[in-house]
> 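One structure, pasted below without further comment.
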Amino acid sequence: MALEDGPQSGKRVIEAKGIAKSFGDRVILKPFDLRVQRGERIAFVGPNGAGKTTLLKMLTGELQPDEGTVVLGTGLEMAVFDQTRSALDPNMTLWESLTGDADMRVSGQADQVMVRGIPKHVVGYLKEFLFSDAQARAPVQSLSGGEKSAAAAGANHGAQFQPLVLDEPDQ
């Protein structure tokens, strides 16, 4: 997958100080500090249920920590690929998912998408992600987990973003 750098952000991407989270008596995260700067790559690895998604949600501002603070840098265009692929409407087709996105659609062209500044036919673009013509017109709900991951990547592939957050990217 070819990705271009997103818009230039500040040097600091995310800074977390003393963040902690519990659900009832279950401690998910003890006070934790983290600084992520432009260009760095960070991976959180652990067993299912360990709190990786909760941590990512706190770091992206989707969930507030019980303690501590999270400060996001300036000029961020964040893209989050979550494990539920919530950006995809299961009742829409792949074609509709891409051409219905105002940021990707080529003005006046319901069969074209803009990919890194270049218009492409939606089916040709989906073929780059190994989708067939028939799958382009199939509802998202008919796709396998891996195909949904590829579709989510395709839906954001044309955008420029900084940072890119992948929650369980191997699925």
Side-chain angles (χ1 to χ4, degrees), residues 1-10 13-14 36 38-63 70 72-171:
M1 179 184 324
L3 295 174
E4 292 184 10
D5 288 338
Q8 188 73 359
S9 65
V13 176
I14 299 171
V36 179
R38 185 173 4 110
E40 292 183 327
R41 292 177 173 93
I42 309 290
F44 298 109
V45 180
N48 289 342
K52 300 179 298 292
T53 297
T54 299
L55 174 59
L56 287 176
K57 286 181 177 182
M58 288 189 293
L59 294 175
T60 59
E62 184 180 337
L63 181 66
V70 175
L72 298 177
T74 59
L76 298 181
E77 294 288 335
M78 192 173 304
V80 178
F81 292 88
D82 68 349
Q83 58 186 292
T84 63
R85 312 309 181 249
S86 63
L88 297 172
D89 182 336
N91 298 311
M92 291 177 75
T93 66
L94 285 176
W95 183 302
E96 293 166 333
S97 294
L98 294 181
T99 60
D101 183 340
D103 291 333
M104 284 198 62
R105 175 188 237 150
V106 176
S107 180
Q109 302 277 337
D111 63 349
Q112 301 281 312
V113 293
M114 191 65 72
V115 181
R116 295 181 306 280
I118 301 168
K120 290 190 173 193
H121 190 274
V122 67
V123 174
Y125 178 60
L126 286 169
K127 285 183 177 182
E128 293 178 21
F129 290 86
L130 305 179
F131 288 106
S132 68
D133 293 1
Q135 287 174 307
R137 292 177 175 81
V140 169
Q141 65 189 356
S142 69
L143 302 175
S144 70
E147 289 168 336
K148 287 178 185 173
S149 293
N156 282 299
H157 190 73
Q160 293 183 333
F161 35 76
Q162 170 78 13
L164 170 63
V165 179
L166 305 169
D167 187 4
E168 299 200 25
D170 62 325
Q171 291 186 356

> Mind listing the closest non-hydrogen atom pair of K52 and F44 along with its distance?
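Heavy-atom minimum between the residues: CD-O, 3.5 Å.
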> For the pair L56 and E62, evaluate side-chain contact (heavy atoms from CB on, under 4.5 Å) and give the outcome as yes or no after the intermediate values.
CA-CA 8 Å; L56 287 176; E62 184 180 337; over 6 Å; no
> Ignoring hydrogens, what is the shortest heavy-atom contact between L126 and W95? Give both atom names and the distance.
CD1-N, 4.5 Å
> Shortest non-hydrogen contact from L72 to I14?
CD2-CG1, 3.7 Å
> Would you name the heavy atoms of T93 and A136 that are closest together and state the gap between them?
CB-O, 3.8 Å
> Where is the tightest heavy-atom contact between R38 and V13, given as atom of each residue plus distance?
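Looks like N-CG2, 3.5 Å.
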> Is the shortest side-chain heavy-atom distance between K127 and D133 below 4.5 Å?
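Yes - at least one pair of side-chain heavy atoms lies under 4.5 Å apart.
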> T54: which residues meet the side-chain contact (heavy atoms from CB on, under 4.5 Å) condition with it, sequence neighbours left out?
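With sequence neighbours excluded, T54 shows a side-chain contact (heavy atoms from CB on, under 4.5 Å) to K21, F23, I28, M58, L63, given in chain and number order.
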> For P139, which residues count as a side-chain contact (heavy atoms from CB on, under 4.5 Å) partner, sequence neighbours excluded?
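Partners of P139 under the side-chain contact (heavy atoms from CB on, under 4.5 Å) test: Q141, S142.
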> Just do the side-chain contact (heavy atoms from CB on, under 4.5 Å) check on L59 and V36 with the steps written out, would you?
CA-CA 10 Å; L59 294 175; V36 179; over 6 Å; no
> Minimum heavy-atom separation for K120 to E128, with atom names?
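So the two residues come closest at NZ-OE2, 2.6 Å.
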